[in-house]
Amino acid sequence: MAKGTDELILQRLEQILRVLSIQVAADRSLTERAKLLKMAGLENQVIADVLNISVPSVRTLTSKFRDKVGGRKRNER
């Protein structure tokens, strides 16, 4: 595939991701939306782009979630 085609595909996939994220969590708070996207495996930068917030804000919104997940993993060892 040509580089232009790859870039176009990537842009379309990013648009689809944004639309799906809005639909899935439209009735949820910003924190819940950030957590859902984090659970889906998205990186902080992608979450920030989708929610139109900064990466540090994503870290703040998901910090308690990370602590809970990390705490369970530590207790299981």
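Every heavy atom of this structure was used, including side-chain atoms; hydrogens, water molecules and symmetry mates were not. Residue numbers run from 1 in the order of the sequence given.
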From Thr62 atom OG1 to Leu36 atom CG, the distance as rounded to the nearest 0.5 Å: 12.0 Å

Test item: Leu17 and Leu13 side chains (from C-beta on) under 4.5 Å apart, heavy atoms: no

Nearest atoms (heavy-atom pairs only) where Arg33 meets Arg28: CD-O, 3.7 Å

For residues 45-55, which side-chain N or O atoms pair as donor and acceptor with protein atoms under 3.5 Å away, sequence neighbours left out?
residue, atom, partner, partner atom, Å
Gln45, NE2, Asp49, OD1, 2.9
Ser54, OG, Ser57, N, 3.2
Ser54, OG, Ser57, OG, 2.9

Point-to-point distance, once rounded to the nearest 0.5 Å, from CD of Glu43 to NZ of Lys38: 8.0 Å

Sidechain-backbone polar pair: Glu14 side chain, Gln11 backbone, donor-acceptor under 3.5 Å: no

